[in-house]
Amino acid sequence: MYNFFFLEVPEHLPFLLKGALVTIELSLISMILGTLLGFFLAIGRLSPRRFLRLPLDVFVEIIRDTPLIVQLLLIYFSLPEAGIVLSAFWAGIAGLTLNLAAYLSEVFRAALSAVDPGQKAAAISLGMSPVAVYRRVVIPQAGLACLPTLGGYFIALLKDCSLVSFISVNELLRHATIVISDTFDSMNTYIMVAIIYFVMSFVSARIIRQIEIRLTPSNRRGTITIPLTMDKEGAR
């Protein structure tokens, strides 16, 4: 125990934290891109046009029904055969983003569908354009409803980033394997890795919870008023 806390931790923790920073970077970029892509996938899958909805449904099913590690390996090792060459880091981003977007499209689709159609009809009757209805009525309510689920997916994404070590991205787990190859001490190294993952997930959960609290309407200062009339500029 003495060796672990006073010798191994001071020696290897800085190196492992460098990998943890890459893990956080992968998670943040993939979460932003995956959220945006997942939202537009959801919009497309709610379209009444079959020619648009069907290919998106097929894409989501393929991504959801195949393992993430297989998707990463295909992107990194197979796409170069088609002339598409990505660095390990961006291949990891692409795989994580596509995988996350497929799952989030279901979350967004359910949240958007849950908004009361009567509110949409009322907004249109006030002169809002369809884009304004989505921007000012549908998206704020759907976004607040799915925020806890988004937080859960982000925490899961932090841990899923360990899979990109298989395509040689120098994130936390790959840094751990380098330490193990030098020290042959797998148990203590993996304990440090587990602690780092726990801290990242715990802090992320607390931050997400604070965001939820601040965005809850009952906790906001002031009140929101909806105008009964609006001009053409306000309807846009």
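Positions are given from 1, in the same order as the sequence printed here.
- By the criterion of side-chain heavy atoms lying less than 4.5 angstrom apart, applied directly or through intervening Ile, Leu, Val, Met, Phe, Trp or Tyr residues, F59 is grouped together with F51 in one hydrophobic cluster.
- Considering only residues two or more places apart in sequence or on other chains, R109 meets the side-chain hydrogen bond (donor to acceptor under 3.5 Å, both in side chains) condition with E106.
- Taken to the nearest 0.5 Å, the CG atom of L68 stands 9.0 Å off from the CD1 atom of I63.
- Residue I84 is not grouped with residue I167 when hydrophobic side chains (ILVMFWY) are merged at heavy-atom distances under 4.5 angstrom, including chains of intermediate members.
- Between I180 and Y190 there is a side-chain heavy-atom pair separated by less than 4.5 Å.
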Just do the side chain to side chain contact (heavy atoms under 4.5 Å, CB included) check on T177 and S165 with the steps written out, would you?
CA-CA 9 Å; T177 60; S165 62; over 6 Å; no
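- At a threshold of 4.5 Å between non-hydrogen side-chain atoms, the residues L172 and M200 count as touching.
- Each of L79 and L74 belongs to its own hydrophobic cluster when Ile, Leu, Val, Met, Phe, Trp and Tyr are linked at side-chain heavy-atom distances under 4.5 angstrom.
- Within 6.0 Å of atom CZ in F40, 12 or fewer heavy atoms from other residues, nucleotides or ligands are found, so the atom counts as exposed in its surroundings.
- Atom CG in L41 sits 9.5 Å away from atom CG in L104 (nearest 0.5 Å).
- Minimum heavy-atom separation, T66 to I62: OG1-O, 2.9 Å.
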Stepwise side chain to side chain contact (heavy atoms under 4.5 Å, CB included) test for D160 and L100:
CA-CA 10 Å; D160 286 343; L100 180 66; over 6 Å; no
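- Side-chain atoms of V164 and F89, non-hydrogen and from C-beta on, never get closer than 4.5 Å to each other.
- In terms of heavy atoms, I196 sits closest to A20 at CG2-CB, 3.9 Å.
- Here the shortest heavy-atom pairing between S30 and L157 reads CB-CD2, 3.9 Å.
- A donor-acceptor pair under 3.5 Å links the side-chain atoms of T23 to the main chain of G19, judged by distance alone.
- In this structure, Y197 places its OH atom where more than 12 heavy-atom neighbours from other residues, nucleotides or ligands lie under 6.0 Å away.
- Atom-to-atom distance recorded for L163:CG and L73:CG is 9.5 Å, nearest 0.5 angstrom.
- The two residues T189 and A176 have their closest heavy-atom pair at CG2-O, 3.7 Å.
- Here the shortest heavy-atom pairing between A94 and L86 reads CB-CD1, 4.4 Å.
- Considering every non-hydrogen atom in both L144 and L215, the closest pair reads CD1-O, 3.6 Å.
- In this structure, SG in C146 is found 7.5 Å from CG in L112, a value given to the nearest 0.5 Å.
- Taking 4.5 Å as the limit, every side-chain heavy atom of R64 sits out of range of all side-chain heavy atoms of N99.
- When side chains are defined from C-beta on, F108 does not count as touching I43, because their heavy atoms never get closer than 4.5 Å.
- Residue R53 places its CZ atom among more than 12 non-hydrogen atoms of other residues, nucleotides or ligands, all under 6.0 Å distant.
- For the pair M128/V137, a side-chain contact is recorded, criterion being any heavy-atom separation below 4.5 Å from C-beta on.
- Judged by the 6.0 Å distance and 45° axis criteria, R136 is not positioned over the aromatic ring of Y134.
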Could you walk me through whether F198 and V193 pass the side chain to side chain contact (heavy atoms under 4.5 Å, CB included) test, one step at a time?
CA-CA 9 Å; F198 173 81; V193 169; over 6 Å; no
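- Here the straight-line distance linking atom NE2 of H175 with atom NE2 of H12 works out to 13.5 Å at 0.5 Å rounding.
- L37 and I29 are not part of a single hydrophobic cluster, where members link through side-chain heavy atoms under 4.5 Å apart.
- Between L56 and V60, the closest side-chain pair of non-hydrogen atoms is not below 4.5 Å.
- The distance from atom CD1 of I93 to atom CD of E25, rounded to the nearest 0.5 Å, is 7.0 Å.
- No chain of hydrophobic side-chain contacts below 4.5 Å, direct or via other Ile, Leu, Val, Met, Phe, Trp or Tyr residues, connects V85 to W90.
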Would you please test Y153 and T149 for side chain to side chain contact (heavy atoms under 4.5 Å, CB included) and show each step?
CA-CA 6 Å; Y153 272 105; T149 306; 3.6 Å; yes
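- With S162 contributing its side chain and K159 its backbone, the two residues share a donor-acceptor pair below 3.5 Å.
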